[in-house]
Amino acid sequence: MAYQKNREAESYDIFPRVVAAGAEVCIHIRPLGVRREFQPGEEYTLTIAALTTGRPRYFPLSADYKVIIVRCDQDGCFTFHHIFEEEQEYYLRLSYIHPDTGKTVIRQGSVYCVADDLIGRYPFMGDLHIHTCCSDGNEQPETVCAAYRKHGYDFMTISDHHRYYPSLQAIEFYRNVPTELTIVPGEEVHMIVSTGEICDVHIVNFGGEYSVNALVEGPAIAEKGREERFRSIGPDCPPVMTQKEYYELMQERASKLVLPVGVDPLCTASVDWVFEQIRRGNGLGILAHPFWFNDVQNIPDAELDYIIDKHMMDAVEVLGGDHYYAERYREQNRLQAVRYSDDCMRGNRYPIVGSSDSHSCLSTNPDAFMSSTMVFAHENEREELISAVRNFYSVAIDNMCPENYYIIGELRLARYCNFLLKYYFPLHDELCFEEGRLMQQYAVGTGEEKQEALEELRLIHGRVARMRKKYFDFGD
């Protein structure tokens, strides 16, 4: 995604970057090869200023400015202890009088303080809606995974249309490869609800333990058969229905619904059943691209209102898109964002994600990696990621122009995310790029190249986890 490194972050290494509110923490400031300007043994003034409480000149009652004296050590670095009181960004301003000009010189960095509920929750970048050549995408599942790691993703899913098994193929391919990328099982579901008719409400099954598509005879069953190893990761995989059995089930469920005018009974019955099955499989049911224009708006307003107001879904994809409707990408995403804002204003709060809906991960596709989700979770693991999104610990990010990204989500998380995109993720992404490059070499290289990639992956394994330990101090 190539988030631009903050200029200060290129000049000074400050760690930890994220600290717990109310706990004393030891902060280190280390120059990164800049001209040596701090003299060992000399004392300097350090101002610690809270970002959101105002300047003391204008808001003396609320402003949080503290001034301390710090001494430069023999390596030209600084170490100090401090207690940050509130959740927000804090500026660290080192100042001194330049010996030649007599002018005050200021060098500034930042740290972020988080409240109790975010302590122990780390930021993981992911995409919950991706396609491969197993449906209507261009590349193999294992190649797609490598490309996403190169672009700084911590987790992802393959969500091919009507097919769950490509995500299992990717998981199996990298099962014994030392990588910190979490590959989550998934699929995109839109079921046939009557003979020849499709319920074109698209739903992503993120992390479900069995395929919803493969509960009914269709493309996945035709291609892989009924074996549970192609349609489940757990022991409780339901049997496969014929299409006739499914039609009858939907008609029975539709007959029991009492719906507003304009809401289709069969479509609604199918949508409700799909989300129900995803939850039974311990997955996250995501309403995909609700304002997608497929000639006209793909989901009628009345149907969309009913789905969202009844909270059928677990999360809504408020950012998404790919090249086959790129002309209206901005329009649909703006509408999705406005819809989310309106719903929040009227008290209808629900979890959100951002996904690319990518159909190609090649650099020649300008729309690849265009949207992502930052999840604040205790671990980069399927169940924990799902739990974090369900519990509102996620924001959606538009990466169309990484230097001008924008964030959708609750304000406190958006502020935190903005800080991380400036100070943490550029460093994180540098490590991910090399791992992803080696994953790509392992996926498509010669036998010798595969072995070389595997050996190098073993050598660098754990670097991102070690970086998290360095920059996040939660007192554990």
Side-chain angles (χ1 to χ4, degrees), residues 1-19 27-34 51 77 88-92 107-114 118 121-127 146-156 179-182 319 354 356 361 363 366 368-377 380 394-409 413-440 460-473:
M1 288 170 288
Y3 294 113
Q4 291 192 346
K5 191 181 295 184
N6 182 278
R7 183 176 178 180
E8 168 263 299
E10 286 195 301
S11 301
Y12 302 96
D13 187 17
I14 299 176
F15 58 95
R17 281 280 186 183
V18 179
V19 302
I27 302 289
H28 306 271
I29 303 174
R30 179 178 296 276
L32 294 174
V34 296
L51 180 66
C77 306
Q88 60 182 297
E89 183 176 346
Y90 286 82
Y91 293 152
L92 308 178
R107 296 291 179 256
Q108 180 168 299
S110 289
V111 299
Y112 208 94
C113 175
V114 296
L118 284 172
R121 290 185 177 274
Y122 298 92
F124 298 107
M125 193 72 76
D127 193 327
Y148 269 81
R149 188 56 173 167
K150 279 177 66 177
H151 281 79
Y153 285 80
D154 297 296
F155 70 92
M156 57 172 290
T179 170
E180 293 180 79
L181 175 69
T182 296
L319 291 174
S356 65
C361 61
S363 58
F369 320 106
M370 62 168 54
S371 302
S372 57
T373 303
M374 188 181 294
V375 177
F376 301 95
N380 185 21
S394 64
V395 296
I397 308 167
D398 184 307
N399 308 312
M400 194 70 161
C401 299
E403 66 276 13
N404 294 311
Y405 60 82
Y406 70 87
I407 304 162
I408 298 177
L413 295 183
R415 277 179 166 158
Y416 185 25
C417 173
N418 185 63
F419 173 87
L420 293 166
L421 293 180
K422 289 190 297 182
Y423 295 106
Y424 172 70
F425 274 95
L427 304 175
H428 163 278
D429 293 353
E430 288 176 350
L431 299 186
C432 293
F433 179 87
E434 178 61 12
E435 184 175 296
R437 189 195 68 77
L438 290 168
M439 289 171 64
Q440 174 77 7
I460 66 173
H461 186 60
R463 292 191 307 175
V464 175
R466 290 190 290 273
M467 175 181 279
R468 279 199 299 273
K469 187 175 181 180
K470 175 180 179 180
Y471 287 112
F472 294 82
D473 186 342

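Keep in mind that the numbers below use all heavy atoms, side chains included, and drop hydrogens, waters and symmetry copies.
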Side-chain contact, heavy-atom cut-off 4.5 Å: [X] with [Y]?
X    : Y    : answer
L92  : Q108 : no
L51  : Y91  : yes
M125 : L420 : no
P16  : Y471 : no

Any idea which heavy atoms bring [X] and [Y] closest together, and the distance?
X    : Y    : answer
S371 : N399 : C-ND2, 3.5 Å
G409 : V395 : CA-CG1, 4.1 Å
A396 : G354 : CB-N, 3.6 Å
S110 : Y423 : OG-OH, 3.5 Å
I407 : A414 : CD1-O, 3.6 Å
L181 : M156 : CD2-SD, 3.9 Å

Kindly compute the distance separating [atom1] ([X]) from [atom2] ([Y]), expressed to the nearest 0.5 Å.
X    : Y    : atom1 : atom2 : value
I29  : I14  : CD1   : CD1   : 5.0 Å
L319 : I397 : CG    : CD1   : 9.0 Å
H151 : S356 : NE2   : OG    : 11.0 Å
S11  : R107 : OG    : CZ    : 8.0 Å
D473 : C113 : CG    : SG    : 11.0 Å
Y153 : D429 : OH    : CG    : 9.5 Å

Of R463, R149, R437, K150, which meets side chain to side chain contact (heavy atoms under 4.5 Å, CB included) against C432?
R149
Is D13 paired with K470 through a side-chain N to carboxylate O contact shorter than 4.0 Å?
yes
With distance as the sole test, does [X] use its side chain to make a donor-acceptor pair with the main-chain N or O of [Y] at under 3.5 Å?
X    : Y    : result
E180 : D154 : no
T373 : D127 : no
E435 : T179 : no
D398 : Y405 : no

Mind checking what makes ring-ring contact (aromatic ring centres under 6.0 Å, His included) contact with Y424, not counting sequence neighbours?
H428, F472
Restricting to ring-ring contact (aromatic ring centres under 6.0 Å, His included), what partner residues turn up for F124, sequence neighbours left out?
none
Passes side-chain contact (heavy atoms from CB on, under 4.5 Å), L431 versus F433? Steps please.
CA-CA 5 Å; L431 299 186; F433 179 87; over 6 Å; no
R121: side chain to side chain contact (heavy atoms under 4.5 Å, CB included) partners, not counting sequence neighbours
L118, F376, H378, E384, A388, Y393
What residues form a salt bridge (charged side-chain N to carboxylate O under 4.0 Å, His left out) with [X], not counting sequence neighbours?
X    : answer
K469 : none
E89  : none
R30  : none

Is the ring pair F419/Y112 parallel, tilted or perpendicular, if the boundaries are 30 and 60 degrees?
tilted
R415 CZ: over 12 foreign heavy atoms closer than 6.0 Å:
no
